[in-house]
Amino acid sequence: MLWTASVLSTVSSDTEPTVVIAFDSAKYIFNAGENTTRAFLQSRQNWKKTRALFLTSIGTQRASGLPGLLMTFADAGQSQVHITGPSGLLHLMASMRKYTYRENLLVTPSEIPLSPVSLVSEHQPVYKDNNITVFALPVLPEAPSGLPSSAGPAGVTATSVCPSDSTGSLKRRREPSPYQPSKRLSNQGSATPFPDTIPPVAPSLREVVTKSDFDPSSLNGEMAQAWRQLVIQTMFPATQVVIANTGQNGPGKRKGKRKAEDHEVKPREDAPSKSARASHPTGLNKPLPVPECSLIGSSNPSLKPTVAYAIVGPRIRGKFDEQKAVALGLQRGPLRAKLSKGECVTVQVKDDNGNTFVREIKPEDCIGESVTPGVVLVLDTPTLAHIPGLVSGFADSEPFARYLWKYTEGSKEHMVRAVFHLCGENVLEDERYKAFMNGFGPEVHHVVASRRHLPNAITFTSAAYSQLRLNQLDPNIFPVQKFSCDVEKAISDVCGLPANTTFMRANLSVDLHPPRPPAQNLDAEKSDIFHPAVSSNSFLDLPELTRTRFMEAQAAVQSDSGPQLEGMPGKDVMICPLGTGSAMPSKFRNVSATLIHIPDHGYILLDVGEGTWGQLARKFGDDPTMPSNVWQILRELKCIFISHMHGDHHIGLAKLLAMRQRLDPPADRPMYIVGNQQVFLYLREYAALEDLGLSPGSKNPVTLILVEAIHWANTTFSSNRLSYGASRDSISALSDLCSSLGLKSLRSVDVAHRTTCHGVIIKHTDGWSIVYSGDTIPTQKLVQAGENATLLIHEATMADDQVEMAAAKMHSTVGQAIDIGKRMKAQNILLTHFSARYPTMPPSVMTPHKPGDPTLALAFDHANIKIGDMWKMNAYMKAIEQSFIDLEDEGNDDTTQLAEVDIA
């Protein structure tokens, strides 16, 4: 049985470490940070056969790619997945309810409690199937000395772990948790059950839910957990949890011997159809209960517990010796099958004298010694404060103590093959951690992810290579992405590390059976044409036809002065598309995000799809010593506008806000987020897991502006649907926002999509205006609200031959978007949000330009387009198209990897 552990992604500007354990029959993913889905596309690996996903911590660093990955699983035909993670997993998943719904995906969540009052007996796995057995070790950090005991965002104090333990001690205990009964995690790896499988809780919850004044936020303890489970079941309505046999019969229990496949979930017989999609329990739109008894809400990363995982592979039986079997008289047939299963068998044989006698044959008589099960460890140590908890956890708990060399030397029970170390700042060079690493056997391979010791190489090399080519067309509009192949300090220069230590690089694989040292995937290496191109220090060699197209376009631009720009309002306003695709990312286009730079004032960000932080970091670089870096951009980012709650427009928001909390010194004024009630509900619920700046006392605060309160047609800036206080606060905040950006006004306009959606009209005191459509079918409201716009940024999801599909999905075609701009009398039109059906170039929009027509341009990720240079993009279209044709001819497109799906 072959199985491997491979690195999907490592620490970089746009990814976090993700490890994939792969068998022929199944895959298991460890951590899902932002861009996990896109990393699969780039690596040419796939997510098919993913059976389970494990998170080492809850928050944007390790889990912000989870919703995108789940939707991708479902849309690509994945039928089921088991998810295991620390306390807070259910809250995280339930907070996704407004934008994650897939009736065809069976999801089984299972929580590992993180309170020092330990839930699980260390002998019991948190997951088990026919391939792997997974054990979990909560790693609780030491509280920093002198830490104030002020309450954090989730209402927990910095020095306390849970209401029942206010002593500040973070040492692990052995008693069962009063909040998470140990029966929740059986030794068969079953998932945390849904309310229907918790008889003591479910009836009480059902009674509460039926009350007219039911408020989920008032729930606590088991009742709160049951509510979160019910919400998740509503998100994935076909899901039913199977409780493995524990030797007792009862609700949710099975009779008989458990099989290895019993971890799988089965469809509910009463699973609702698509027509029942609108049905949901009362209170679903109200706030979730605040998570209890954990440090998951602390803004201090040194107080966030993590989980270490031990993945134990199968015991692979030895090779059957055909010659010995024949010599013993065991012929081919069912007896050999019994012997292979470990049973003794008897056969009738004749001795040399021809006398018949019965011979007992034992398995070891003709089957070689079985292969000792291999073990892989995934250890997440984000701060120095986590080291004591990790070391003591291995020293005094089973089964983790058995993985150290002094216990495993010569052991036939298991053999540690590889340890993946996810190390935070200064962890790898800490003497305690190095001593811990040396506590494993000399044959163990250590794979380390540590920012200081790894190069910041390009992750999405296809997009970067395309940008490198276009940089020869216009280096100002198409700058090369920021990266570095150097390291601050090489791992080889860190004294005292085990000999078999290597850095964690994407596409690195460790074969567990048969065991082999870590090696790079050669096919993945060949697909990376970016780094060889930039390391050659030579002029990028373009095909002759492409070079000709580039030269023709450059000559046309040089000979044409373009529009008369002297005195043109807004000509220096920069549009920086960060994500120009729809529904799901591709190798060349990330999902929706558009950055606007207003000179001398700051930045506005229109939508924040997953991976937006990484796009910003690749565009501006994260080197704090450079004058213009991503941290400075984040400091000058004054406003984020979220058009609607579909995942491809907002999933990256929490990550961006979490990164903003790292600004030190803090920003000199709040950042404003404009969105609807659903967006703010999601943010407030997520803020219980991680500080996003919404809580009083956050060092980099965020101010919310309700989009309904600033509607363009509402001259009094009020709304019948909003309270007077909410409307007043939004209007006051809007005034401050406009003042900080030099705006005359910023107004919303409701557009027509499959969910509540708004566009935005930005007008500056200098006389220019920008209109952003959000997702919409053609709507007259946008035309009226944005009349005479300097620039219209409009979605153009579908080709002109897909009008019916566009209408069904409530999107616009390319031609419809252009028509809206003409009716609006916009001076410029920038098309974006292209379907995954067009991974490189969208459908042709090259039409003869008539006097009075708007200047038309297409958006590309990482471009820098001044409004005054929009005409250049139009002149470059044929050259850009030819460049992408080259990539397709070289086999570097990804049209075969993308499912034809669009946002629901």
Side-chain angles (χ1 to χ4, degrees), residues 34 60 64 67-68 95-100 285 576-583 590-596 603-613 615-616 634 637-660 670-687 692-694 701-712 719 722 726 729-730 733-734 737 741 746-762 770-776 782 793-795 810 832-833 903-904:
E34 276 207 328
T60 55
S64 53
S95 73
M96 295 154 36
R97 66 193 179 281
K98 303 304 292 186
Y99 61 94
T100 304
N285 294 325
C576 307
L578 300 173
T580 56
S582 70
N590 200 45
V591 286
S592 295
T594 305
L595 185 70
I596 299 174
Y603 294 85
I604 299 175
L605 184 57
L606 306 176
D607 283 328
V608 193
E610 180 187 341
T612 297
W613 165 256
Q615 295 290 86
L616 283 167
L634 200 57
L637 180 59
K638 305 292 180 60
C639 174
I640 296 177
F641 173 83
I642 302 297
S643 61
H644 63 297
M645 272 295 285
H646 279 159
D648 60 329
H649 290 259
H650 85 277
I651 287 181
L653 180 57
K655 172 76 172 184
L656 195 69
L657 296 181
M659 299 304 288
R660 188 173 181 269
M671 184 173 69
Y672 300 88
I673 299 179
V674 182
N676 62 35
Q677 296 275 22
Q678 293 181 354
V679 173
F680 297 160
L681 175 62
Y682 160 73
L683 284 179
R684 290 189 178 102
E685 290 177 348
Y686 198 102
L692 302 182
L694 276 67
V702 168
T703 299
L704 306 179
I705 299 176
L706 284 164
V707 71
E708 296 91 346
I710 59 171
H711 194 274
W712 72 283
S719 172
L722 303 175
D729 292 344
S730 293
L734 178 66
L737 168 61
L741 286 169
L746 187 147
R747 303 277 192 100
S748 66
V749 54
D750 52 313
V751 294
H753 193 43
R754 298 181 73 176
T755 188
T756 301
C757 186
H758 289 83
V760 66
I761 300 93
I762 303 166
I770 295 176
V771 176
Y772 174 59
S773 69
D775 280 6
T776 182
L782 193 68
I793 304 173
H794 201 288
E795 73 120 289
M810 301 292 282
T832 189
H833 197 267
I903 196 70

> Just verifying a value: how many Å separate Leu737 CG and Met671 CE, rounded to the nearest 0.5 Å?
11.0 Å
> Any heavy-atom pair between the side chains of Val674 and His758 that's under 4.5 Å?
no
> Check Ala658 against Leu692 and note the closest heavy-atom contact, atom names and distance.
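Nearest pair, atom of Ala658 first, then Leu692: N-CD2, 3.9 Å.
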> So, Ser95 side chain and Tyr686 main chain: donor-acceptor pair closer than 3.5 Å or not?
no
> Only one of Leu595, Leu578, Val591 passes side-chain contact (heavy atoms from CB on, under 4.5 Å) with Gln615; say which it is.
Leu578
> List for me each residue that meets side-chain contact (heavy atoms from CB on, under 4.5 Å) alongside Thr594, sequence neighbours excluded, and say none if there are none.
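With sequence neighbours excluded, Thr594 shows a side-chain contact (heavy atoms from CB on, under 4.5 Å) to Ile575, Leu606, Ile793, given in chain and number order.
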> Return the orientation label for the His644 and His649 ring planes: parallel under 30°, perpendicular over 60°, tilted otherwise.
tilted
> Closest approach of Ile705 and Ala733, non-hydrogen atoms and distance?
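Taking every non-hydrogen atom into account, CG1-CB, 3.7 Å.
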> Can you name the side chain to side chain donor-acceptor pair (under 3.5 Å) partners of Glu795, sequence neighbours left out?
Thr797, His811
> With sequence neighbours left out, what residues match Tyr672 under ring-ring contact (aromatic ring centres under 6.0 Å, His included)?
none
> Output the distance between atom CG (Leu694) and atom OG1 (Thr703), rounded to the nearest 0.5 Å.
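Answer rounded to 0.5 Å: 9.0 Å.
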> With sequence neighbours excluded, what pairs up with Asn676 under the side-chain contact (heavy atoms from CB on, under 4.5 Å) test?
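Asn676 satisfies side-chain contact (heavy atoms from CB on, under 4.5 Å) with Met645, Gln678, Val679, Val707, Glu708, Thr756 once adjacent residues are dropped.
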> For Tyr772, what residues pass the side chain to side chain donor-acceptor pair (under 3.5 Å) criterion, not counting sequence neighbours?
Asp607
> Can you list the residues that meet the side chain to side chain donor-acceptor pair (under 3.5 Å) rule with Lys98, with sequence neighbours excluded?
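Listed in chain order: Asn285.
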> Apply ring-ring contact (aromatic ring centres under 6.0 Å, His included) to Phe680 and list each qualifying residue two or more places apart in sequence or on a separate chain.
none
> How many angstroms lie between atom CD1 of Ile604 and atom CG of Leu746, to the nearest 0.5 angstrom?
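One gets 6.0 Å once the value is rounded to the nearest 0.5 Å.
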> Side-chain contact test, heavy atoms from C-beta onward, threshold under 4.5 Å: evaluate it for Asp648 versus His833 and give yes or no.
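Yes, at least one pair of side-chain atoms sits under 4.5 Å.
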> Would you confirm whether Asn590, through its side chain, and Gly579, through its main-chain N or O, come within 3.5 Å as a donor-acceptor pair?
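Not at all, since once roles are kept as given, no pair shorter than 3.5 Å links the two residues.
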> Working to the nearest 0.5 Å, report the span between CE of Met659 and CH2 of Trp613.
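Rounded to the nearest 0.5 Å, the CE-CH2 separation comes out at 4.0 Å.
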> Residues two or more places apart in sequence or in another chain: which of them pass side-chain contact (heavy atoms from CB on, under 4.5 Å) with Val608?
Leu605, Thr612, Ile640, Ile642, Leu653, Leu656
> Is any side-chain heavy atom of Val702 less than 4.5 Å from a side-chain heavy atom of Leu657?
yes
> Output the distance between atom CD1 (Ile710) and atom CZ (Arg747), rounded to the nearest 0.5 Å.
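Result: 8.5 Å between the selected atoms.
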> Please report the interatomic distance CG(Asp750) to NE2(His711), rounded to the nearest 0.5 Å.
3.5 Å
> Does Ser592 reach the main-chain N or O of Gly609 with its side chain, forming a donor-acceptor pair under 3.5 Å?
no
> Can you run down the salt bridge (charged side-chain N to carboxylate O under 4.0 Å, His left out) pairs that involve residues 672-685, sequence neighbours left out, and say none if there aren't any?
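The answer is Arg97-Glu685.
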> Check the pair Thr755, Tyr99 against side-chain contact (heavy atoms from CB on, under 4.5 Å), reporting the backbone distance first and the verdict last.
CA-CA 10 Å; Thr755 188; Tyr99 61 94; over 6 Å; no
> Is the closest side-chain heavy-atom distance between Leu741 and Cys639 below 4.5 Å?
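Result yes, sub-4.5 Å side-chain heavy-atom pair found.
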> Run the side chain to side chain donor-acceptor pair (under 3.5 Å) test against Ser773 and tell me which residues pass, sequence neighbours left out.
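So Ser773 forms no side chain to side chain donor-acceptor pair (under 3.5 Å) with any residue.
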